[in-house]
Structures are given as structure tokens and as C-alpha cells.
Amino acid sequence: MSAPSTRRRPGGDRGSGRSTGPGGPGPRTAGRHYLVDGVSVHDVNGADVKDPDPSGGILFDVRGSAKPTRFDGVTIRNSSVAHTDRTGIGTSSTWGRRPAHPNGPGTSFAPITGLSVHHNTVRDAGGDGIVVQNAVGAQVEHNLVDGFNTRSGGYNVGIRAWNSDAVRYWFNEVTGGHGTRDSMAYDLDGGNNGNVYQYNYSHDNEGGFLLICNGAGMISDRNTVRYNVSVNDRNTTAPYGVISVVCAPATRTLVHHNTVTTNAPGTAVVSSNGPGGVTFRDNIFAGAAAGSPLADARNTYDHNLYARISPVPATDAGGAW
């Protein structure tokens, strides 16, 4: 199936692969068992709108305000999305209010469950590549995002979640992030709890490898980033770096056993502009040939290795080589 769309309308062309959750009268509050398999979506000229009326390639969007509604059992696999505005593949919901997001939409939390996004390719996304919103227990694995944030005026990431818990990101590759309005490969964002990025690959993104950025008034707690590789990602715009710890503080974030190397002069391997709550442990940081800064005096560093990095955190001075 090939599904192009060249329409555009000011309210946001919703794209050509959109499913909207049931929200009408009756006892059913969940749409169940959806499969998108082997679909090609391309040339979607949507509006640059994230919420509440997103546009993009393959979207599962819960709407309505009368009755909490959600999806349960959604699989998006073996599909390709190319040249879409604004999102490549994503979910969203109008039922996102909970203690971790007290100002979220709706009056309660109805999370999307049973979501699996795997073995897909997203190329030239105007905004976010793959974004999981309002979900619990999602699996995002073996996807390629090549080119994102190519046309949007907003803040976008290659693969990320918002207001979602227990999301697992495995064996993904992200490259070609454009600009510095975020443009990181991966992101621990607002209302992320118990999420794990592991065994992913990131390279040649203008915004960097990883963003840790909790939303104001939200809870982002116990997230983990481990066993990932970042090669030649960069961000020279203060207060960002290859890894950026910004916005409101996240708590109990553990970044361990990752390899981060960059050839971009002037790019900090880690940069923080205020929040703490992150522990960096057993990572390898390798800077550019002329050296790279580490601009973070607020978070915890323990048993990392540093090559061509200055200054090395005082608590971890033995790791310089």
C-alpha cells in the first residue's frame, strides 16, 4: 500500500495513515487490535502542529472529551514513511491528566497500551521522527529514522516519548537531525517514568545524542539510558551538547555503559544548565582531536573513562586517559 497526500489545510492536514480512537456514546472505551504492516506513506504536506490536531505519516490519535478513551493493541511494523509534515509515526491523546502531568489534557489518564513500533523506516520527517505520547509499556525497536526536524519551526527529536511510562527503545538507529531546536536523536522528556533506551545507535545529528528535559510541574523519574553508541553527534548552541541536561529536573536518571564520541570541535560531550538528578556511570566519553569540554558541575559522575575531555569531573579524575 502506497499512500501519498499532497493536501494542506491551515487546521492541520492529518495525513494519510491516521486512526482516531472511539469516543462516542456506548460502553466501549478502547479501540483494540490494530495492525499497520508493510505500508508506504509519503509526501504528506501537513501543518506544523503537534497537538491537539497533529498531522503526519502514521498516527494513532485519541480524541474527545466526554468519556476516557484509548487504544489497546496497536502494531506498526515493516512500514516506511517519507517526506511527511510534521510527524513520521506517532500517537497522541486528549486523556493525559495524572499526577505525573497535572496540567495534561482531559480530566483523567487513559493510556495507550500494547503499542509496538518495529522495523519501520522514517525519512525526511518535518518534525519528530517517532513520538510515543500517552502510553504505558510501549516497545519501539529496530527502527531507522534518517532525517528529522527538517522543516518544523518547533522542537523535535528523532525518537521520544511524552507523558509515557515503561517504554522500551531497543536497537534503533537515528541520524540526520537538522538544526538545534532540539534535534537530538533520543529524549527523556516530560512525564517519562521507568523508560529505557538500550542498544541504540545515534550518529551525525546536529542536535546531539540525548536530551534529558522534564516538563515544568511534571514528574520524570527512574529512567535509564544504557549500552548505546553515539558517533559524531554535535550541538554547539549553549546550553546544549552531545548530551543535554536542561529544563525542569528529572529524578533518579541513570546513564551508564554508553560510548559517546564526537569529532565536532566546540561541542560539549555533556552540558547542563541547572537541573541535576542524573548519574553518569561506566560510560566512555571521547572528544574531538583538539579536545572537547564537559560543561556540567551539577550531576554525578562515577567510573567513567575520558579521552580528550577537559575538565574531567573532580570526582572522576582517575578516568582520564
Side-chain angles (χ1 to χ4, degrees), residues 49-54 60-63 65 68-71 86-87 90-113 115 127-138 140 149 152 154-169 181-197 207-225 239-241 243-255 270-280 296 298-300:
V49 178
K50 280 191 181 184
D51 294 304
D53 190 16
F60 279 79
D61 177 28
V62 177
R63 307 299 301 275
S65 59
T69 306
R70 64 189 182 90
F71 289 110
R86 64 175 309 284
T87 300
T91 64
S92 62
S93 175
T94 55
W95 296 97
R97 182 163 297 191
R98 59 178 181 145
H101 190 11
N103 296 316
T107 57
S108 63
F109 186 55
I112 298 167
T113 54
L115 173 64
D128 290 305
I130 298 173
V131 55
V132 174
Q133 298 189 80
N134 228 77
V136 170
V140 181
N149 205 20
S152 173
Y155 292 87
N156 301 282
V157 172
I159 298 178
R160 70 177 183 94
W162 173 263
N163 197 30
S164 296
D165 298 345
V167 182
R168 298 294 182 267
Y169 311 86
R181 292 176 65 88
D182 294 334
S183 298
M184 294 81 176
Y186 308 111
D187 176 18
L188 293 170
D189 216 307
N192 283 202
N193 297 280
N195 295 351
V196 177
Y197 283 98
F209 159 53
L210 176 66
L211 175 66
I212 301 172
C213 175
N214 188 25
M218 302 178 73
I219 297 172
S220 188
D221 184 50
R222 290 189 180 275
N223 297 295
T224 302
V225 180
Y240 302 107
I243 299 175
S244 302
V245 185
V246 295
C247 312
T251 54
R252 295 181 288 186
T253 302
L254 179 59
V255 179
V270 183
S271 182
S272 173
N273 74 341
V278 182
T279 296
F280 293 91
D296 179 17
R298 299 172 177 87
N299 294 290
T300 300

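In this structure a side-chain-to-backbone donor-acceptor pair under 3.5 Å is missing from Asn103 to Gly217. Judged by distance alone, the side chain of Asp128 and the main-chain N or O of Thr87 form no donor-acceptor pair under 3.5 Å. A donor-acceptor contact shorter than 3.5 Å links the side chain of Arg97 to the backbone of Gly106. In this structure a side-chain-to-backbone donor-acceptor pair under 3.5 Å is missing from Arg181 to Tyr155. For the pair Ser164 (side chain) and Asn134 (backbone), a donor-acceptor distance under 3.5 Å is present. In this structure a side-chain-to-backbone donor-acceptor pair under 3.5 Å is missing from Thr253 to Ala250. Proximity of a side-chain donor or acceptor of Thr279 to a complementary backbone N or O of Thr300 within less than 3.5 Å is not detected.
Smallest separation of non-hydrogen atoms from Pro111 and Val136: CB-CG2, 3.7 Å. Listed here is the closest heavy atom pair of Val62 and Thr69: CG1-O, 3.1 Å. Between Ala161 and Asn195, the closest heavy-atom pair is CB-ND2, 4.2 Å. When all heavy atoms are compared, the tightest approach of Ser92 to Gln133 is CB-NE2, 3.8 Å. Across all their heavy atoms, Asn163 and Gly96 have their closest contact at ND2-O, 2.9 Å. Pairing each heavy atom of Asn273 with each of Val246, the nearest pair is OD1-CA, 3.3 Å.
With rounding to the nearest 0.5 angstrom, the OG atom of Ser93 is 9.0 Å from the CZ atom of Phe71. To the nearest 0.5 Å, the span separating CG on Leu211 from CE on Met184 amounts to 4.5 Å. Taking OG1 of Thr224 as the start and CG of Leu254 as the end, the distance is 5.5 Å to the nearest 0.5 Å. Between the OG1 atom of Thr251 and the CD1 atom of Ile219 there is a distance of 8.0 Å, given to the nearest 0.5 Å. For the atom pair CG (Asn299) and CZ (Phe280), the distance works out to 5.5 Å, reported to the nearest 0.5 Å. Expressed to the nearest 0.5 Å, how far OH of Tyr197 lies from OH of Tyr169 amounts to 4.0 Å.
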Exercise for review: Evaluate the criterion side chain to side chain donor-acceptor pair (under 3.5 Å) for residue pair Asp189 and Asn192; output intermediate values, then yes/no.
Suggested key: CA-CA 6 Å; Asp189 216 307; Asn192 283 202; over 6 Å; no
Check your understanding: Passes side chain to side chain donor-acceptor pair (under 3.5 Å), Arg70 versus Thr113? Steps please.
Key -> CA-CA 8 Å; Arg70 64 189 182 90; Thr113 54; 2.7 Å; yes
Practice item. Carefully, step by step, assess Asn193 and Asp221 under the rule side chain to side chain donor-acceptor pair (under 3.5 Å). Key: CA-CA 5 Å; Asn193 297 280; Asp221 184 50; over 6 Å; no
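The side-chain heavy atoms of Trp95 and Pro68, taken from C-beta on, include a pair separated by under 4.5 Å. Residues Val255 and Ile212 meet the side-chain proximity criterion, which asks for heavy atoms closer than 4.5 Å. Taking the side chain as every heavy atom from C-beta outward, Val245 and Pro275 approach each other to under 4.5 Å. The shortest side-chain heavy-atom distance between Val225 and Phe209 falls under the 4.5 Å cut-off. Side chains of Lys50 and Asn156 form a contact here, defined as non-hydrogen atoms less than 4.5 Å apart. At least one side-chain heavy atom of Leu115 sits less than 4.5 Å from a side-chain heavy atom of Val132.
Ion pairing between Asp165 and Arg98 holds under the 4.0 Å rule for side-chain N and carboxylate O. With salt bridges taken as basic N to acidic carboxylate O contacts below 4.0 Å, one links Arg63 and Asp61.
Ring planes of His101 and Trp162: perpendicular class, angle over 60° (limits at 30 and 60°).
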